[in-house]
Amino acid sequence: MSGSTHLSARDIEEFGRELDRLRAEVIASRGEDDARYIRRVIAVQRGLEAGGRAVMFASVVPPAWLAGTAMLSVAKILENMEIGHNVLHGQWDWMRDPDIHSTTWEWDFASPADQWKHSHNYAHHTYTNVLGKDRDLGYGMLRVSPEQPWHPIYLAQPLYNLGLAAVFEWGIAIYDAEIDKAWQGEKSWGETAGQLGRALRKAARQGLKDYVAFPLLGGPAFLPVLLGNLTANVTRNVWAHTIITCGHFPEGTRTFTEEEMAEESRGDWYLRQLLGSANISGPAILHLLSGNLSHQIEHHLFPDLPSNRYAQIAPRVRDLCERFGLPYTTGSLPRQTASVWRRITRLALPTVSAARV
Amino acid sequence: MLTAAAGVLTSPLAPDDFRAMVNPLWSRQRLSGRVEAVVPETSDASTVVIRPGHGWREHLAGQHVGIGVDIAGVWHWRTFSLSSPPGRPDGLVTITVKAGPGGFVSRHVVRRLRPGGVVRLSQPSGRFVLPEILPARLLFVTAGSGVTPVMSMLRGFALAGDMPDVFHAHVAPTGPEVIFGDELRRLAARFPSLRLHEHHTRPGPGRRARRPTMADLSAACADVADRMAWVCGPRGLLDGAEAYWRAAGLADRLRTERFQPVRRPSAAPGGRVRFVRSDREVVADGGTSLLAVGEEADVVMPSGCRMGVCRTCLARLADGRVRDLRTGEEHGDPGDLIQTCVSTAVGDVDLDL
């Protein structure tokens, strides 16, 4: 691992110790303000969801449709990003509140919480950006690193990445069932079918809610409510897809081989998380709506620290990187998004050998 | 049916999650109460008046309740006896808590809880209660804050305006430090059938401080043996009472309530503790309760008294053996419900939590 930077093994250990100290500092200072923060976000989210759905019932007045749809879209984004993803990481488990706990939480996303926790918390966060280990590296359908062998199918990847954005939650639900692993005989078809079945049942409940129950309650507003819910779901999907691809695929983020991560020390692990992740700079509202994944670097260094603390420690992580001469990849949302699309478009074509990206 | 229909609309949340947002007292899955008042009783004890939320089942006099309080963002649970009588016309319940020197939670309850605050509640439970048919004569022996469950009983009698023949012996350091001292004396004045005998262990200058013995009790109350007895207080008092009644062959006439922290045995070897449903695994020593081990690992642990009394903390043992901190006895078969607050790991343990 130390071969991937100019740092000596000793530097890397020191880098790791500094980050351990930072982590311990945050853990020691978790308290009332943090608890109040997450409860407030949850209250605002539920208020927006209930309010948005109520306003949508008045959709005969077009601005009501627009307002209701916007409220519901924001509610779904908050629910997935700042609440669901982070609660499922166990960021709030320290509160010992069974209502806000990784072992009891279920979210408004097609992938059931326990399947997500396995594929995301465990597989992705442990093997971040390791080719052949981190399935999030292209989600088994995108070529995001020149080390991935090219195949003619990738010529279409800009197109189907666009399609994936619209149906992101469904894509992830199917992806979390790890059909590819069953195909390769790494897990049984029975288990995979069971997972798909549970995802399907969850999806059915959500479909029933968004596309049958609430439209029916809307009465004469049946169609506008249905379309409003569909719009909110797609908006959430596109947003989540955008933020998440900006986390690991912009130019400047590195991928690793299994050999590189062999016998990794704690410092090496931190280093890989840093080099494999990219932040998005922007105003506080961007951080909130991205579930603080705009602080992807801090999140990957400390996946289980409360998300409201990432912004607070980001300057110190950045200083640390500067001190050790390490890159700290960040950029505005338009810039990072463009960077992701450039990479996906370029890697759709076969790579001329030895040309590093 | 209606709940199922509402559940479709709130999926993946429950309707309750929205109800609780509006008012925590409306939650049915997370029983809560609102603090109406905090009334000082003595220098270090206060009564907390609570309005219980929906779903609260009325307690029997003498029972205890688990109270969850949010301290610096973290929920902490403890068990306290209810000091209010059942059936109070205003529907309120009270607990009376003494701030112990090492009592992190009790100090918070006595000094920091404010009217308007929300606490979480468990349903009342406990077997330190009166039988359905009252015996002809009753004996209450209490010490310190051990008076609280008995207070609930006495207040119940007073509320009904029907005081049976009661002899109440109470031990406290001094007169002013008797929790409910004034009220007890008023009740004794109002009901001739209630006799109150106060024993002060620090009676004042010039008088010898002394803990009471069972002999003192028999001297004050001639018909101890003929009475059905309820005893609540520190370990010494309870041990003495149990020995006395057992020696008299009257053990079935004695009811006790123990609220004493468990003594930690010396560092015995522990093992790996796996919380199966939470998918957590930690290494535990043999001196730390499984409850503390789980809490330290941020597992959602049901808990209450933390001294093996209330059984709120019961968890299913999936595999392994545990040791009871109170007796040192090793036990456990797969499927057993164990009290995590007084159990430690003996080797590797799997808990269904």
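Computed from a predicted structure; not experimentally measured.
Classification of the H76(B)-F104(B) ring pair by plane angle, with boundaries at 30° and 60°, yields perpendicular. Ring orientation note: the planes of H300(A) and H125(A) are close to parallel, at an angle under 30° on the 30°/60° scale.
Residues of residues 95-106 of chain A lying within less than 4.5 angstrom of chain B, judged on heavy atoms, are M95(A), R96(A), D97(A), P98(A), D99(A), H101(A), S102(A), T103(A), E106(A) in numerical order. The interface of residues 202-213 of chain A with chain B, defined by heavy-atom distances below 4.5 Å, comprises R205(A), L208(A), K209(A), A213(A). For residues 42-52 of chain A, the interface with chain B (any heavy-atom pair closer than 4.5 Å) comprises I42(A), A43(A), R46(A), sorted by residue number. The contact list for residues 108-120 of chain B toward chain A, using heavy atoms and a distance under 4.5 Å, reads R120(B) by residue number.
Side-chain contact between L25(B) and R51(B) is present, with at least one heavy-atom pair separated by less than 4.5 Å. Side-chain atoms of R306(B) and T79(B), non-hydrogen and from C-beta on, never get closer than 4.5 Å to each other. When side chains are defined from C-beta on, H54(B) does not count as touching S27(B), because their heavy atoms never get closer than 4.5 Å.
Per-residue counts of heavy-atom pairs under 4.5 Å with chain A were compared for S278(B), A20(B), G7(B), A5(B); the largest is that of S278(B).
When heavy atoms are compared at a cutoff of 4.5 Å, D70(B) approaches chain A solely by way of its side chain, counted from C-beta outward. Residue contact with chain B, scored on non-hydrogen atoms closer than 4.5 Å, is absent for D34(A). Only the backbone of W107(A) has a heavy atom closer than 4.5 Å to any heavy atom of chain B. Neither the backbone nor the side chain of I38(A) comes within contact range of chain B, judged by heavy atoms closer than 4.5 Å.
Between the side chains of Y310(A) and Q91(A), at least one donor N or O lies within less than 3.5 Å of an accepting N or O. Under the 3.5 Å distance criterion, with hydrogens and angles disregarded, a donor-acceptor pair is assigned to the side chains of D134(A) and H124(A). Side-chain contact, D176(A) with Q195(A): no donor N or O sits under 3.5 Å from an acceptor N or O.
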Stepwise, does the side chain to side chain contact (heavy atoms under 4.5 Å, CB included) test hold for D114(A) with W116(A)?
CA-CA 5 Å; D114(A) 56 336; W116(A) 168 265; over 6 Å; no
